[in-house]
Structure formats: C-alpha cells, structure tokens
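So that the names make sense, note that chain A is the first sequence line, chain B the second, and so on, each numbered from 1. This is a predicted model, so every value here is computed, not measured.
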Protein chains: 2
Amino acid sequence: MLILLIGKLAMNEKEFLKKYDIHDFDVPLCTVDMAIFGIIDNELNVLLVRRDEHPEKDKWALPGGFIDLKEDKNIDATAYRKLQEKTGVRSPYLEQIQTVGSGTRDSRGWSITVLYFALIDVNKVKDNLITERSRWIPVSKARRLGLAFDHQALVALANGRLKAKTTYSALPIELMPKEFTLTELQTVFETILERDLQLKAFRRRLLAADLVEETGNSKIAGKRPAKLYRSTGKDRNTTFSQSLKI
Amino acid sequence: MLILLIGKLAMNEKEFLKKYDIHDFDVPLCTVDMAIFGIIDNELNVLLVRRDEHPEKDKWALPGGFIDLKEDKNIDATAYRKLQEKTGVRSPYLEQIQTVGSGTRDSRGWSITVLYFALIDVNKVKDNLITERSRWIPVSKARRLGLAFDHQALVALANGRLKAKTTYSALPIELMPKEFTLTELQTVFETILERDLQLKAFRRRLLAADLVEETGNSKIAGKRPAKLYRSTGKDRNTTFSQSLKI
DNA sequence: TCAATAGTGTCTTTCAGACACTATGCT
DNA sequence: AGCATAGTGTCTGAAAGACACTATTGA
C-alpha cells in the first residue's frame, strides 16, 4: 500500500483517480440503523426486527443495513429507503442522530453505523409489514430483550434525543394520527418525558405557537366530548425559546 | 456476491465470520473531518490545511483523514488523534456534529465523512504546527477561498451548530484563555451570534449559573481595570432553560 | 344529580431585555 | 476634570408553573 501511494505522487488528478481502488485500503464496515418510534396504547414503542443472518442471528435489532452505492444518492436516501421497506410510510419525520463506530461493536470487524430516528403514526404502517420477525416493542421492554450488537445503547441514544427535543419543540405531534385531542397529545408528551405536565401550560404553549388547530370535530370517550385538533405542520421547525423543566 | 451470500446461509456464526471479507463488498470511502475553531483578534477562525495530495490537491480543506483501524478504538479516538496532530492540544472541547455522505461529494467515489467540531484556545496550539499549509483563517474569509470537496458546507454546518449552542449554553468559554474579562467573553459571544448582546443580561446569566469565577486579578486595557475570570468548568454541561433571541 | 373528563382564569415565579445610572483609573 | 471603559440598579415583558375554578356529557 505504501508503494502504491508513492507511485501516485507524481500523477495528475485524472491519473490518480484511474488507479484509485478503495479495495486497496482497510475500511470500516458502514451501515445505517433506524430507531423508528410510534405510540401504541399510550406507550412509546420502537420497531425491531429479528436478524435472520449472522452475526447475532435471531437476536432483535434495529432495522438497518448497508448503503446501496448504486441506488442511494446520499445517506438520508438510505435511511428513507430502509424506512420505506420496513413501514411503507411516505413522509415521516426523519432525523440523523449520531454516528457510532468502534473496532469492537461488530464481530465482523471495525464498523460504523449512522443512527437515524423516525417518528410515525403507527396506523400508517402497512399491516403486512408487522410480522413475527418485525414488531413494535415498548421501549421499556426492549431493554430486557438483549438486543444485537450495541443496539441497546443506540435505542437509548435515540430515546434520549427524542426526550430532549420534546422539552423544546413539539416534535411528538409527528407521532399522532391525523386528528387527535389535546389530552391525547399531552399523554404522549408525558410518556416521552416520563413526567406529568401542567394541563393549562401545555395547551397555552401549543395554541400560542399555532402548532395545532381545531378540526371542528370532537371525540367522545364516555364523558364530555373533547375537541379534535390537527397539526398545522409547523411542529418540525418550531423551537420554543423556553424549554420545559426536566 | 449473491453466490457468496447464499453459500453462507447454512453456516454457524464462526464459519460465517471466517469467510467474511469486507473487500467482497462495495463500501463507501469513510473519513473524519474536523472544524477546529479559535478566536483571533475578536474574529472566529477555523483551522484549514492545504491538501497536498489528489484529489483537490492544493485546495484549502478541513483537517481530517481516514480511521486507523489498528490504532483507533472508536470514531471519537480518530477525531482526538487528528486534533492532536494538527494542534497538539490535550483536552479540547470536541463534539460530533453530523455525518454527510453522497455519491458525488468526492471524485474517488461514494464517500461519507463524520464531521466534528472542536473549540480551542488558540494560544495552546503549538507554534510549529501553524505553517504555510496549515493556517487559521477567519470563517468569513473561508467562504471566498473555494474549499475542497463540500467543505464549504461543512464549515457552515459546524458554524451553525456553534451559533445555535451559543444561544442556550456557555460553550464559547472553551475558546478563551485561562483568564479573561467578561467584556472579552461577551465580544466572543457577539462574534459568534453576529449581533450585540445586552451587557447586564449577559453577566447576570453567566454569574447566576456559576459558570465563571473571579481570579482576583485584573487587566488594564488603558481605562478602568477589568476583573479577570476563569471558567468553573461547568460550561460544557450547562444548558439555560431560556435561550437568547436570534 | 353526580361522576368523570374537558377546558378556563388568574396569580406567581423566573429570567431575558432595556436603559439609565455609578465606579475607576489614566491622561 | 474629563474621558473611556467597567460594572450596577431596577423596571418591563414574555412565558412557564401552580392551582382553583367552570363546562359538558352520560349514567
């Protein structure tokens, strides 16, 4: 390899690229992993798949895979593709979280993974994609499952980011169905933050920022009907100047 | 490659790993790039190097390079190593920003880079490391230099993150020398935020959060001597509940 | 009419913004 | 004394926290 490099010193760029072959170098394994969150029965769930190949065969893991150098224009495209394959959802909230890499996290060798998280309305997921080997699992239970590789830590990372963002944005709206009551939304916030919120302060914050609007419909859950709201679509960008206490 | 995969289906994990060779696969090029920031004459500077190899030879670029699969335990280690090579600084503030990857950003092929940013006191940088091909350049001027690859965008990304963090934390303290006046610190904040700050509000915020403490010394810049402060070391963790207006 | 859930009024607290004011040392 | 820079006092305003209160429905 050293000889290769020395040989390249005198070349111009075109000649250099002609001789360049990435397979001459030791490179890390490179994957994209997805933490896809959804709310089921007021609980935060993450979509996990059972690995059907070595290594860590049959263990639960975050969905993910390799970058397709032919098809994917950039890394976000890889993430969108994976998400599409696993859920069929068209335009989810998707955000890159962090890249984790080390010589020990994967038995195949030095590997890095680019971790993304996605927030989706579970109702939008195609039914046939939820199977014995591809399931929603409550984040609290995922801990006890002994996930593949360092995916335990990746779930914690993603969950931490979601929690942090929930203190200063309205991102959890992305987890809701088209129409929802503010009580339902507050419960989702409370689930993520793992603490109760003041009802008045919560509504005031969302309404003042114009993040939700009434649909005109209401929902009866036995007692007084609750007004139904829809997202105004501003939730992906809004950050409140003051964040909720932790 | 398909045949390889099929052949592996029946194996156990040990056999699988024995036959596994990453060079069988198409993998992206993978690098780590550093946006190292420092303050010189009240201006935000970034450390740039002139590339002395193809591709993009002789263009200015962010310092960076490949992961050393033998030496680096994890990606952070790669970043620390690069930083040490370029500055000699021992324990800088270092944080991963984002990973950028696409098929077009590097002429050698599909490539990803893990971008970090570091904040350092420029006085701590070893003199002999600042040369004709490794220089501090004001962020405002870096724009006009036509950086290599997509490094223009990477600098903007790093700068944006620094600016955002400066509205809700006291991170810029990491750019200061051991002792500094609050006026100097405020000027650094103003440089990063590209706007003036209220003197009273600035001091109140920092002092109330116990982020700086008096050293007992003072500094005469011609007129009334200004008290010198030092960091209490809390600046890396503190986030204010209320962020500064943009 | 009462239980249960939905939703409002309003006082308090916290902290940033604004700006007039005082303090100190050099010339 | 005057000036330039360092630093304080204090009022205002915005938004979160707390909590008592009212509203709407079904049984």
Separation of C:dG17 C1' from B:Ile246 CD1 (nearest whole Å):
15 Å
Nucleotide C:dG9, atom P - distance to CG of A:Leu207 in whole Å
12 Å
Salt bridge check, B:Glu184 against B:Lys219: does any charged N sit closer than 4.0 Å to a carboxylate O?
yes
Interatomic distance, B:Phe240 CZ vs C:dC15 P [rounded to whole Å]:
10 Å
Can we say A:Glu194 and A:Lys163 salt-bridge, meaning some charged N sits less than 4.0 Å from an Asp/Glu carboxylate O?
yes
Grab the CZ-C1' distance between A:Arg203 and D:dA16 for me, whole Å please.
16 Å
Regarding B:Glu213 and B:Arg230, does a basic nitrogen lie under 4.0 Å from an acidic carboxylate oxygen?
yes
In 5'-to-3' order, the base (B), backbone-only (S) or no-contact (-) status of each nucleotide in nucleotides 21-27 of chain D, using a 4.0 angstrom heavy-atom cut-off, is --BBSS-
A:Glu214 CD - C:dA6 C1' separation (whole Å):
12 Å
Quick one: does any side-chain atom of B:Ser169 pair with a main-chain N or O of B:Thr238 as donor and acceptor, under 3.5 Å?
no
Using a heavy-atom cut-off of 4.0 Å across all strands, would you classify A:Arg205 as base, sugar-phosphate, or nothing?
sugar-phosphate
B:Leu244 has an atom CG; how far is it from atom C1' of C:dC15, in whole Å?
11 Å
Could you walk me through whether B:Glu190 and B:Arg195 pass the salt bridge (Lys or Arg N to Asp or Glu O under 4.0 Å) test, one step at a time?
CA-CA 5 Å; B:Glu190 290 172 337; B:Arg195 77 174 184 93; over 6 Å; no
Are A:Glu95 and A:Lys165 close enough for a salt bridge, meaning some N to O gap below 4.0 Å?
yes
Run the ring-centre check on B:Tyr229 versus B:Phe180 and record whether the distance is less than 6.0 Å.
no
What's the separation between atom NZ in A:Lys59 and atom CZ in A:Arg51, rounded to the nearest 0.5 Å?
10.5 Å
Provide, to the nearest angstrom, the distance between the CD atom belonging to B:Gln242 and the C1' atom belonging to C:dA16.
5 Å
Give me the one residue out of B:Leu197, B:Thr181, B:Leu206, B:Asp196 that meets side-chain contact (heavy atoms from CB on, under 4.5 Å) with B:Gln186.
B:Leu197
Just how far, in rounded Å, is P of D:dG7 from CG of B:Leu206?
13 Å
Regarding D:dG17, can its base be found pairing with the side chain of A:Arg204 as donor and acceptor, where the two atoms are less than 3.5 Å apart?
yes
What are the residues of residues 181-202 of chain B, sorted by number, that bring a heavy atom to within less than 4.0 Å of DNA chain D?
B:Thr183, B:Leu199, B:Lys200
